[in-house]
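Below is one structure; the comments refer to it alone.
Residues take their numbers from the sequence shown, with the count starting at 1. As the structure lists them, so they are numbered: ligands from 1, and atoms in each ligand from 1.
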Amino acid sequence: MAVSAPRPVSAVRLDGGRLAIDFANTIHDRFAADVEDYIATPERFVEWARRSGAIAAGETIDVSRLDGEGERLMADVRSLRDATYLLLSACIDGVSLAKGPLLVANHWLLSARQSQSLTEGGLIEMYADPEDLRLPLKRIALDLVDTLAYARASKFTLKHCANQSSCGWIFADTSKNGRRRWCAMQTCGTASKTETRRNKA
Ligand SMILES: [Zn+2]
């Protein structure tokens, strides 16, 4: 865990281009010795979910109803986040999706489908129970399926940030030339340029 005070959730970057990717990216510097988990508490998880759209505008989720459920909720959050990261990484590497993470993703997918219904307008709607603290996980599982499908259909290219020494973030490259290399130019891109300049000096 980081020693310094956790950064405000409002300052956490959403650079992945998809909800599921941003969820996998809620660990700052995944490969660093001292990782910072942006969503280490139920309150931060719910705040992040609201910011990223995993809780839609107008929906309320009441964290005060947790009643000792917090640890179990966070175990679910971490388990789906690890699975999401592994499945997206497998897609990037062009290998088969592994059974363990698939089991986790399929569990939340089933749970999501059970909360969905067809409306009079012919649209699929998610039933948002204010007591359902796992609603964001269901939305993320649904988005993960779409993200993998879009990547397979070449609507974008899933990539790992080129800063593999510490960052480990994933993003959907939607650039016209398909040459995006960094999760964000102002962080990893700039760090890499500074490094190159230092090596040349
Ligand atoms: Zn990066």
So the protein N/O/S atoms within less than 2.8 Å of the Zn ion (ligand 1) come down to Cys161 SG, Cys167 SG, Cys183 SG, Cys188 SG
Main-chain N/O of Gly16 paired with Asp22 side-chain donor or acceptor, under 3.5 Å = yes
Leu97 vs Leu148 side-chain heavy atoms within contact, under 4.5 Å | yes
Heavy-atom side-chain contact between Asp173 and Phe156 under 4.5 Å | no
Phe31 vs Tyr85 aromatic rings, parallel, tilted or perpendicular, using cut-offs 30° and 60°?
-> perpendicular
Donor-acceptor side-chain pairing of Thr147 and Arg18 below 3.5 angstrom | yes
Kindly indicate whether a cation-pi arrangement holds for Arg7 with Tyr38, taking the cut-offs as under 6.0 Å to the six-membered ring centre and within 45° of the axis.
-> no
